[in-house]
Amino acid sequence: MTPRSALTEFRQLGVLAMPIIVAQLSQMGMGVADAVMAGRVSATDLAGVTLGGNFFWPTMLLMSGIVMAVTPSVSQLNGAGRIGDAGAVVRQALWIALGGGLVLTLLLRNAEPAYRFFGVDEQAIPVAVGYLSAASLGLVPLLSYTALRCLAEGMSWTTPAMCISLSALPLKVLLNWLFMYGSPALGIPAMGGVGCGWSTAVVMGYTFVAMILVVSRSRMRASNLFTAFSWPRLGVIRDLLVIGVPIGLALLVEVGFFSVAGLLIGRLGVQAVASHQIAFNVAGIAFMVPLALGMAATIRVGFNVGAGDRAAARLSAWVAVTTTLVWGTSVAVVMLTARFAIVGLYTNNAEVINVSAALLAIGALFQVFDSAQATTMGALRGYKETVTPMWIAVVAYWLVGLPVGAALCFGVGSIPDLHGLLSSAFGAPMGVYGLWWGLVVGLAVAAVALLGWLIRISRSRSAVPVRPAP
């Protein structure tokens, strides 16, 4: 690796990653708009929208992860000079989006028994159920948009998703206002928090239509997506599922890891929950960079694998990983040195400030490992290597991180303890700090294992592009 070649690769990654960062921040902004605007209606509406999101977003991520198999498939075809075959592959992904979206829509529109099983506040259930019934109507368009977005990204073009996301954010705010507060002139009744679900569905439809226009009127026409109609081809669908199902499950495992940690922290009281939310929000914003670098690495690695240049694929992977480690370390330094100032932007409660600042100190390590695992996972997807990373995530998060965090948080409790060994190892319960140390441990195990697997894959093998539908 020469410095010049590494610098060139760094620039190419940056060109791909910057629009992804903007798009991801815009999507985060939509969630913030829901929370802020629903909270202004009532606490019940905010709780209902939050509870609806607890079911909607994890299931959506699962299906979106499956459709994300399009990116490495198209990027490898692009690298092999076969971009004209990409449309046939994406048409099969659209069948997956249709089938999976319809199944999820049916499930989410019948979620009320699940809320009652978990003993959710009775007042919030109607809002949560109404939110899900409305938002679920946008699932098929959203998953279809994801397939087309991945086509663009596989062709090394990340700008369309950024532009569409940026335009969708003000539309989301406007529609929230219309549906939540109503408009007699337009015949729209005031729906409160349920209106967030309707605005979500409309915005998802808008993004799909916008991406169709981009595909049909730009250089993406070279993919031949709209030049033919294809019925489901089981061979291509199977190939996409082999790559995509582990991606979706890995996303679900990781999101579930953080969600369960948040639920456990909910048992510690309002101060702990508020402190956790503030620190986690700061970490989440910083995480957008390694997430984008991971997505860019998928594109660059996949392109070079498709071109048969394993050395270039290895360079793409390690430039991305090195960049994200520098970023994570820089963020860690900022978190450590400016943690009180950062937390002060969120609250003036002295106790919450102290606890949040302490969590950010732990989050400094959290950020380094989280950055490394996200970008490494993306690089591995470029090789179409998704099954082993999924199992690494299961072990690291659910068999290591969560049990360690729970033990540190609440004490050993009813866990069998031979001769007091666990009690002496874990000591007294650490509360919210213990769970955050568990997050650090889980992410560290995932980062180290994924980096080791990337070393092996990048040195020993390349992936075979998905075969196009005839």
Side-chain angles (χ1 to χ4, degrees), residues 250 253-262 264-265 268 272-294 320-343 346 352-379 389 392-410 425-454:
V253 164
E254 184 174 358
V255 170
F257 173 54
F258 290 111
S259 296
V260 170
L264 291 175
I265 290 171
L268 301 176
V273 172
S275 301
H276 165 76
Q277 188 59 40
I278 289 171
F280 195 70
N281 182 257
V282 174
I285 293 172
F287 180 68
M288 291 300 101
V289 172
L291 178 63
L293 283 169
V321 170
T322 301
T323 302
T324 204
L325 287 174
V326 172
W327 170 261
T329 302
S330 301
V331 170
V333 172
V334 173
M335 283 185 175
L336 284 172
T337 57
R339 59 188 185 277
F340 286 99
I342 294 172
V343 172
Y346 288 82
V352 173
I353 287 176
N354 288 330
V355 176
S356 300
L359 292 179
L360 278 185
I362 301 172
L365 282 175
F366 175 115
Q367 191 65 39
V368 172
F369 294 126
D370 202 15
S371 298
Q373 68 83 23
T375 302
T376 305
M377 188 85 78
I392 288 174
V394 170
V395 172
Y397 301 145
W398 287 89
L399 300 184
V400 179
L402 198 58
V404 168
L408 289 172
C409 178
F410 301 107
F426 287 102
M430 298 171 61
V432 65
Y433 307 115
L435 265 171
W436 269 63
W437 279 115
L439 296 178
V440 171
V441 170
L443 290 167
V445 171
V448 172
L450 287 168
L451 284 169
W453 194 247
L454 179 60

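Remark: Val289 engages Ile21, Leu293, Trp327 in a side chain to side chain contact (heavy atoms under 4.5 Å, CB included) (not counting sequence neighbours). Applying the side chain to side chain contact (heavy atoms under 4.5 Å, CB included) criterion to Ala332, with sequence neighbours excluded, gives Ala364, Val368. Residues passing the side chain to side chain donor-acceptor pair (under 3.5 Å) test with Ser356: none are found, sequence neighbours excluded.
Nearest heavy atom pair, residue Arg339 against residue Met335, reads CB-O, 2.8 Å. Nearest heavy atom pair, residue Thr324 against residue Val321, reads CG2-O, 3.1 Å.
With rounding to the nearest 0.5 Å, the separation of CD1 in Ile362 from CD in Gln367 is 14.0 Å. How far CG of Leu359 is from CZ of Phe366: 10.5 Å, rounded to the nearest 0.5 Å. Distance check, rounded to the nearest 0.5 Å: OG1 of Thr329 to CG of Leu365 gives 10.0 Å. Remark: Leu451 CG to Phe369 CZ distance equals 10.0 Å, nearest 0.5 Å.
Looking at heavy atoms from C-beta onward, Phe340 lies in side-chain contact with Asn354 at the 4.5 angstrom threshold. A 4.5 Å side-chain heavy-atom check between Asp370 and Glu254 finds at least one atom pair inside the cut-off. In this structure, the side chains of Ile342 and Val334 come closer than 4.5 Å at one or more pairs of heavy atoms.
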Give the table of side-chain donor-acceptor pairs shorter than 3.5 Å for residues 396-409, with sequence neighbours excluded, one pair per line with atom names and distance.
unit_1	atom_1	unit_2	atom_2	d
Tyr397	OH	Gln373	OE1	3.2
Trp398	NE1	Val253	O	3.1

For residues 430-447, tabulate all N or O donor-acceptor pairs below 3.5 Å that involve a side-chain atom, not counting sequence neighbours.
unit_1	atom_1	unit_2	atom_2	d
Trp436	NE1	His276	ND1	2.9

